[in-house]
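Written below as structure tokens is the structure these notes are about.
Position 1 is the first residue of the sequence; numbering continues from there. Since the model is a prediction, treat every value here as computed from it, not as a measurement.
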Amino acid sequence: MGGVNPAGRTSGHQAFRRTVLDALPEDVQARTLLGLAAMMRLADGQADGTWQDAQGQVLDAAEIVEQTRQQVLDHTLVRRIEDARFNEEGLPANRKASLALDAPLTFRIRRRQLPDDLPATWQVRELDRQHLEVTVPAGSMDVMLPETRQAQVRAAGQLPTGFEPSRLYRSVHHPRGLAMTVFAASDCLGDSGLEWDDLRDRLDPDEIAVYAGNSIGQLDDEGWGGLLKSFSAGKRATSKQMPLGYGQMPADFLNAYVLGSVGGTGAALGACASFLYNLRLGVDDIRAGRRRVVMVGTADAPITPEIIEGFRSMGALADDDGLKALDALELLTDADYQRACRPFARNCGFTMGESSQFVMLMDDALALELGADILGSVPGVFVNADGWKRSISAPGIGNYISLAKAAALVRDMLGETALRQRTFLHAHGTSTPKNRTTESHVFDRVARAHGITDWPVVAVKAFVGHAQGSAAGDQLTSALGSFAHGLLPGIFTLDAVADDVHAEHLRLFRDPLPFTADAAFINAKGFGGNNATGVVLSPAVTERLLAKRHGEAAMSDWRARREATREVAAAYQDSADRGHFQARYRFGEGVLEGPELEVGRDRIHIPGYAWPVSLAVDNPFGRLEDEEDA
């Protein structure tokens, strides 16, 4: 796994550790804070093991932690938006106005700034080669007056302050989401402990796939956001804004610049369930034998004035007025913004977040052969729509079906006792009044059906906000952290469970909870009726299943090979914890256009790839022989 969100880096469970920080041993806390300080460019770890602070002063690790601790805590997770436009500077805007001119208006303007099409009544006189004088007659004149507007939403889950993924490779006007994609995929490869080129050379190139995207495309100024407002903002559209804005572009970037893959590709967009939709594509491909390795992920960077205003106008976001009303406050402090997201408590809307998360899926035989370090397994992802609806944004019934199917699968695989006592729920948990009622009712009804009396519920958005299509990626990687550390993050903003939450069979808690889990349910209850529930099994349960299928001798051999993999991954994580990241970005390398290929009846040889692409295809439809064939 790899990625980045407001809690930090995904590899090595750094982001997870940030969400359970106070429950960790002191040495693990220190390591987490030190790694985050390096990520935020507050410190730099040297190759000889020494550390320097941001001013270049040599300090030991303990001094760095003490010096930067509060800054790390204050500038990770959900917090006041740090973009100046959301605060003192104000959001740039224009206001339409009609001027009543009592007398002619004369002004000077640069020649290139004058529109091509002028009203017939305007008079233009040339002053010199670069400047013109324009006279507008008395009367009415429609104009756009520039202004700044005070932001009504000032809280979001932002990447740790100081971390800019675009600085880690040769990024040229890439939208933020794509820069996050490059980092997240590189982080995933580093965390795997496997050399990608060696892995690729073991396989038919068509046995690899990438399914990655996001929920709404790249809508910042470098993507479709800049394109769509270029005319009204008086700017030119660039040649990159249109192509880089597409929602499947994270997959395209991985294929072209990170992996060099010619295998399966695509993106399934399903609002908040997009990560799980792509995960299902990967799982189905592997179960059907079409692929052996699949990279799955999403990247969403929606903290822009326009996107936030769009969700605010729907009444979906926790704005300043709503937060003040919740706590009877006249002014909001930084501490209040850090508590903006309150799943299953009294709340007033969700808090925007940004995140990119990637996981590497592999079939079990290949994982054992390579000595891969198995973090868990995904036996199934279930997707169901809501059916008839009054409003496209209103809740519906699909999530009852998706969660009930997921629970039935775990019961069938692991048994009734495991389902009842050793599973937990990773809630969508958006922090809206509707979600707290409807999702808790889904959980409570399914729990009652299976005799579950105290089902633990995790809602990680309290820490990182709602990253739209990447939300379930945050949930899945957090669940893997729970398996590794035996802790469930509490809902730290849960002062009290709201009265309309259905919690008779649920366990909603504030502080980290020690818990040994066999499985987790990753739930998405998305806009428009995009419901999905994924099942992820713990490493221990996965190993038991693998031993049953492959035998103890194969497992023993795998564990021996895994040691080398873990050493490589640990070296990567140590380097990353010191603030040294190596984004894998190979622009213009090994480019092929077609004439270089050797195309045969049964296979295609591609220069630079160890194995040919097999052209053997599955034909379940039968065969009609013509007379010549007969």
Side-chain angles (χ1 to χ4, degrees), residues 80-154 156 158 164 166-167 170-179 216-246 249 301-314 319-320 352 354:
R80 183 194 294 267
I81 297 178
E82 294 169 350
D83 184 336
R85 295 175 298 173
F86 285 86
N87 294 290
E88 293 79 10
E89 187 176 310
L91 302 175
N94 290 300
R95 186 178 294 272
K96 294 178 68 175
S98 181
L99 305 184
L101 301 179
D102 296 332
L105 172 68
T106 299
F107 58 87
R108 295 178 182 181
I109 188 171
R110 295 180 67 88
R111 184 185 298 269
R112 66 182 183 183
Q113 294 176 337
L114 192 69
D116 292 334
D117 297 321
L118 297 177
T121 56
W122 287 25
Q123 298 176 5
V124 180
R125 183 171 69 88
E126 184 175 292
L127 298 177
D128 54 43
R129 294 180 60 183
Q130 295 182 344
H131 298 88
L132 303 171
E133 182 182 84
V134 179
T135 300
V136 180
S140 178
M141 177 182 176
D142 293 330
V143 296
M144 297 286 283
L145 300 177
E147 67 171 347
T148 57
R149 300 177 184 175
Q150 292 303 303
Q152 298 182 63
V153 174
R154 286 188 171 89
Q158 303 146 94
E164 290 293 339
S166 60
R167 293 177 180 160
R170 192 159 58 91
S171 166
V172 184
H173 303 298
H174 287 170
R176 183 172 176 84
L178 298 185
I216 48 179
Q218 283 63 244
L219 288 181
D220 52 2
D221 285 348
E222 289 73 26
W224 281 353
L227 175 73
L228 294 175
K229 65 185 180 184
S230 58
F231 283 176
S232 60
K235 297 180 180 180
R236 294 182 180 180
T238 72
S239 61
K240 292 186 176 182
Q241 287 170 324
M242 183 71 227
L244 296 188
Y246 278 103
M249 195 54 57
I303 305 176
T304 72
E306 296 81 9
I307 296 176
I308 286 182
E309 176 59 18
F311 281 106
R312 188 204 65 80
S313 67
M314 293 169 52
D319 60 15
D320 282 16
M352 194 67 74
E354 58 182 349

D142 and K96: CA distance, side-chain angles, deciding distance, side-chain contact (heavy atoms from CB on, under 4.5 Å) verdict: CA-CA 7 Å; D142 293 330; K96 294 178 68 175; over 6 Å; no

Residue pairs fulfilling salt bridge (charged side-chain N to carboxylate O under 4.0 Å, His left out) with at least one residue in [range], sequence neighbours excluded:
{"range": "residues 102-116", "value": "R111-E126"}
{"range": "residues 220-240", "value": "D221-K229, K229-E306"}
{"range": "residues 84-95", "value": "D83-R85, R95-E147"}

For [X] and [Y], which heavy atoms make the closest approach, and how far apart are they?
{"X": "L227", "Y": "A237", "answer": "CD1-CB, 3.7 Å"}
{"X": "I216", "Y": "P302", "answer": "CD1-CB, 4.4 Å"}
{"X": "L114", "Y": "V134", "answer": "CD1-CG2, 3.9 Å"}
{"X": "S171", "Y": "S166", "answer": "CB-O, 3.5 Å"}
{"X": "M249", "Y": "P243", "answer": "CE-O, 2.7 Å"}
{"X": "L219", "Y": "I307", "answer": "CB-CD1, 3.6 Å"}

Is the backbone N or O of [Y] less than 3.5 Å from a side-chain atom of [X], with the two atoms forming a donor-acceptor pair by type?
{"X": "W122", "Y": "T135", "answer": "no"}
{"X": "Q158", "Y": "R80", "answer": "yes"}
{"X": "Q218", "Y": "G177", "answer": "no"}

So do [Y] and [X] actually touch side chain to side chain, heavy atoms under 4.5 Å?
{"X": "R154", "Y": "N87", "result": "yes"}
{"X": "I308", "Y": "I303", "result": "yes"}
{"X": "L99", "Y": "L105", "result": "no"}

About how many Å separate [atom2] of [Y] and [atom1] of [X], when rounded to the nearest 0.5 Å?
{"X": "Q150", "Y": "D320", "atom1": "CD", "atom2": "CG", "answer": "10.0 Å"}
{"X": "Q152", "Y": "L91", "atom1": "CD", "atom2": "CG", "answer": "9.0 Å"}
{"X": "D319", "Y": "E309", "atom1": "CG", "atom2": "CD", "answer": "10.0 Å"}
{"X": "E133", "Y": "I109", "atom1": "CD", "atom2": "CD1", "answer": "12.0 Å"}
{"X": "L145", "Y": "N94", "atom1": "CG", "atom2": "CG", "answer": "8.0 Å"}

Heavy atoms of other groups near H173 NE2, more than 12 under 6.0 Å: no

Heavy atoms from other residues, nucleotides or ligands near CZ of F107 exceed 12 (cutoff 6.0 Å): yes

